[in-house]
Amino acid sequence: MRYTKEKRRRMRRRAMRRMFWRGTISLFGILILLLTWNLTSCALRFLSPQDDSRQEEITDGKEDERREAFGKESEKTAADTHDLLLVNKTHPLDSGWKPDLIRLREYGVEVDSSIADHLKEMLSAGEKKGLSFWIASAYRSTERQRELLDEDIETLVHQGYSYSEAYEEVVKETMPVGCSEHATGLAVDIVSKDYQILDEKQGRTDEIVWLQQNCSRYGFILRYPKEKEDITKVSYESWHFRYVGVEAAEEIMSQGVTLEEYMGSVE
């Protein structure tokens with residue numbers, strides 16, 4: 001009886017071992033089949049014409065991205081052309097113009113945000129040379145321009161000028177409403193902090209001499225130079241500087257031309 005029970009136990013153990021190895025072999029078989037199927041699928045996708053189509057779609061997608069990026073760059077370039085905006089008596093500023101103003105607290109004025117850093121860099125460079133600047137005027141609204149024009153005309157009328165005579169005299173230095181560069185936010189009147197009168201003597205101060213010699217390095221030009229009144233229609237203003245970008249500024253100042261001449265808009 002004992003022999004029979006022992007024999008049965010051995011038989012059960014053999015049966016369990018057989019079941020274990022059969023299960024293991026089956027599992028390995030399934031794994032091999034899955035691996036083979038995955039490899040085959042990858043090969044078929046690689047060789048399939050549909051893969052070329054997918055590649056074309058990816059390429060087209062990248063091309064679209066490149067075109068979109070180029071479009072954005074073109075828009076940026078177009079937006080930056082406001083630096084060369086021509087504003088004078090024959091080219092009034094568009095009534096819809098809206099400068100992106102930023103306040104320079106140290107001077108109490110506003111300028112277009114696109115020129116703020118360039119302006120600060122220029123004045124800082126001059127100050128390192130021992131110079132001292134003051135911004136007498138920067139952005140000026142249409143309403144403020146009208147007030148200045150009316151005040152100057154009224155002063156001359158009180159001196160005996162007719163209104164038309166006073167107007168013609170005043171606009172030699174004060175631009176008509178809508179024709180002032182100050183409304184763009186791109187122009188500034190800079191003077192010596194020790195001498196803030198806008199007259200001939202201003203042009204002989206160390207600050208103005210330095211600015212006229214170095215302004216182009218920072219993208220600015222002397223907007224109304226000497227002996228160019230017949231072109232600008234404005235008297236010489238040693239203190240009036242206009243931002244046009246470094247490349248244009250260097251060309252304009254080195255050639256000794258006005259913005260009108262540079263842009264081919266001489267009347």
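Considering only heavy atoms from C-beta on, Val109 stays 4.5 Å or farther from Val188 through its side chain. Side-chain contact between Trp134 and Asp194: absent, with no pair of heavy atoms (C-beta onward) separated by less than 4.5 Å. Taking 4.5 Å as the limit, every side-chain heavy atom of Val244 sits out of range of all side-chain heavy atoms of Glu251. In this structure, the side chains of Val111 and Leu101 stay at 4.5 Å or more apart for every pair of heavy atoms. Taking 4.5 Å as the limit, some side-chain heavy atom of Tyr167 sits within range of a side-chain heavy atom of Pro176. Side chains of Trp97 and Thr184 form a contact here, defined as non-hydrogen atoms less than 4.5 Å apart. No side-chain heavy atom of Glu173 sits under 4.5 Å from any side-chain heavy atom of Asp152.
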Walk me through whether Asp112 and Ser114 qualify under side-chain hydrogen bond (donor to acceptor under 3.5 Å, both in side chains). CA-CA 5 Å; Asp112 190 271; Ser114 65; 2.6 Å; yes
Between Ile135 and Leu123, is the side-chain contact (heavy atoms from CB on, under 4.5 Å) condition met? List the steps. CA-CA 10 Å; Ile135 299 178; Leu123 298 183; 4.0 Å; yes
List the steps, then state whether side-chain contact (heavy atoms from CB on, under 4.5 Å) holds for Met122 with Leu211. CA-CA 8 Å; Met122 180 172 68; Leu211 282 173; 3.9 Å; yes
Hey, mind stepping through Val234 and Tyr224 against side-chain contact (heavy atoms from CB on, under 4.5 Å) and telling me if it holds? CA-CA 7 Å; Val234 177; Tyr224 305 120; 3.7 Å; yes
Go through the steps to decide whether Val191 and Phe133 satisfy the test side-chain contact (heavy atoms from CB on, under 4.5 Å), and finish with yes or no. CA-CA 6 Å; Val191 297; Phe133 304 99; over 6 Å; no
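Within the structure, every pair that satisfies the ring pair (Phe, Tyr, Trp, His ring centres under 6.0 Å) test and touches residues 171-205, not counting sequence neighbours, is listed here: His182-His240.
Shown here for Ala116 and Ile102, the closest heavy-atom pair between the two residues is CB-CG2, 3.7 Å. Heavy atoms only, all atoms of each residue included: Arg242 and Leu259 are closest at NH1-CD2, 3.6 Å. Residue Pro92 comes nearest to Cys179 through the heavy atom pair CB-SG, 4.1 Å, listed as atom of the first residue, atom of the second, then distance.
Of the possible donor and acceptor atoms, none in the side chain of Lys226 sits under 3.5 Å from a partner among the backbone N and O of Ser238. In this structure, the side chain of Lys89 engages the main chain of Lys233 through a donor-acceptor pair within 3.5 Å. With hydrogens and angles ignored, the 3.5 Å screen pairs a side-chain donor or acceptor of Glu261 with a backbone N or O of Thr258. A donor-acceptor pair is defined here as one N or O able to donate and one able to accept, closer than 3.5 Å; such a pair exists between the side chain of Glu229 and the backbone of Glu227. Gln202 places a side-chain N or O within donor-acceptor distance of the main-chain N or O of Ser192, the cut-off being under 3.5 Å. Between the Gln196 side chain and the Lys193 main chain, a donor and an acceptor come within less than 3.5 Å of each other.
Cluster annotation: Leu86 is connected to Tyr262 through the hydrophobic network of ILVMFWY side chains, with a link wherever side-chain heavy atoms come within less than 4.5 Å. Residues Ile197 and Tyr107 fall into different hydrophobic clusters, defined by Ile, Leu, Val, Met, Phe, Trp and Tyr side chains chained together at heavy-atom separations under 4.5 Å. One hydrophobic cluster, built from ILVMFWY side chains closer than 4.5 Å, holds both Val171 and Val177. Cluster membership check: Met175 does not share its hydrophobic cluster with Tyr236, using side-chain heavy-atom separations under 4.5 Å among Ile, Leu, Val, Met, Phe, Trp and Tyr. The same ILVMFWY cluster, assembled from side-chain heavy atoms under 4.5 Å apart, contains both Val157 and Val170.
The CG atom of Leu131 lies 9.5 Å from the CG atom of Asn214; values are rounded to the nearest 0.5 Å. To the nearest 0.5 Å, atoms CD (Glu181) and CZ (Arg140) are separated by 11.0 Å. Within the model, atoms CD of Glu110 and CZ of Arg105 stand 10.0 Å from one another, a figure rounded to the nearest 0.5 Å. Once rounded to the nearest 0.5 Å, the distance linking CD1 of Ile115 with CG of Asp100 reads 11.5 Å. The SG atom of Cys215 sits 6.5 Å away from the CG atom of Leu222 when rounded to the nearest 0.5 Å. In this structure, OH in Tyr243 is found 9.5 Å from CG in Leu186, a value given to the nearest 0.5 Å.
Phe241 has its ring centre no less than 6.0 Å from the ring centre of Phe220.
Sparse packing is recorded around CD of Glu200, with 12 or fewer heavy atoms of other residues, nucleotides or ligands lying under 6.0 Å away. Atom CD of Glu165 sits in a crowded spot, with more than 12 heavy atoms from other residues, nucleotides or ligands closer than 6.0 Å.
With respect to Glu260 and Arg223, a salt bridge is recorded, a charged nitrogen being found less than 4.0 Å from a carboxylate O. Ion pairing between a basic and an acidic side chain is recognised when a charged N comes within 4.0 Å of a carboxylate O; Arg144 and Glu147 show such pairing.
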